[in-house]
Each structure stands twice: as structure tokens, then as C-alpha cells.
Amino acid sequence: MSSGPRWYKSSHSEEGGNNCVEVAALDDCFIGIRHSVHPATTFSIERSTFTSFIRAVQSGAFQTL
């Protein structure tokens, strides 16, 4: 019996973790994303697109925003 996806918060989240973006592997192809304040509202993104986004963040691509 599956209990659903396991959601993860960043270690950089605020104390108490009540205002965070959370992610979960939904299956082999999709990542789920939600806000901890509204956990019932989620969206999914292809794993490859999510990986590209994370790499861009890590490289500093969005520092000028």
C-alpha cells in the first residue's frame, strides 16, 4: 500500500519550515512541487526540466533577477 509521495523541504527553509517550497518524486518521469502553506495545490514538471532548472540556479543564472 502506497502512502503517497515523500515531500522534501530545503535545508535553507525558515525556522519551523512553515513557508517553504517542497518537492517530491512522483514517478520516474515527474517531480511534484507545492508550497507548504497550501499542500493540496501541487503541480508537476518533467524530471529533466526540473534538473535543468536546478542546474541553472546552482550556476547563478538567476542572480540578476
Side-chain angles (χ1 to χ4, degrees):
M1 180 177 202
S2 175
S3 60
R6 183 170 177 189
W7 293 92
Y8 293 91
K9 295 178 189 175
S10 169
S11 60
H12 297 283
S13 296
E14 69 177 24
E15 187 73 29
N18 295 323
N19 192 23
C20 310
V21 173
E22 300 174 321
V23 298
L26 301 179
D27 58 30
D28 290 341
C29 298
F30 289 94
I31 300 292
I33 302 173
R34 70 182 186 184
H35 192 286
S36 60
V37 174
H38 304 285
T41 303
T42 64
F43 70 94
S44 62
I45 187 171
E46 288 185 6
R47 185 179 292 263
S48 61
T49 303
F50 183 74
T51 300
S52 296
F53 172 72
I54 294 301
R55 287 186 182 142
V57 169
Q58 291 172 333
S59 74
F62 302 106
Q63 290 186 4
T64 60
L65 295 179

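Both backbone and side-chain heavy atoms feed into the values below; hydrogens, waters and symmetry mates do not. These figures come from a predicted structure and were not determined experimentally.
The backbone N or O of D27 lies less than 3.5 Å from a partner atom in the side chain of R47, making a donor-acceptor pair.
Cluster annotation: L26 and V23 are assigned to distinct hydrophobic clusters (Ile/Leu/Val/Met/Phe/Trp/Tyr, side-chain heavy-atom contacts under 4.5 Å, transitive). Linking ILVMFWY side-chain heavy atoms closer than 4.5 Å, directly or via other members, places F62 and F50 in a single hydrophobic cluster. Under the 4.5 Å side-chain contact rule for hydrophobic residues, Y8 and F30 do not share a cluster.
Closest non-hydrogen pair, R34 versus T41, comes out as CB-O, 3.5 Å. Between A25 and P5 the shortest heavy-atom distance is O-CB, 4.0 Å.
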Does the side chain to side chain contact (heavy atoms under 4.5 Å, CB included) test come out yes or no for T49 and F53, once each step is laid out?
CA-CA 6 Å; T49 303; F53 172 72; 5.8 Å; no
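Here the side chains of T51 and E46 are not in contact, with every heavy-atom distance at 4.5 Å or above.
Within the model, atoms OG of S36 and CG of N19 stand 6.0 Å from one another, a figure rounded to the nearest 0.5 Å.
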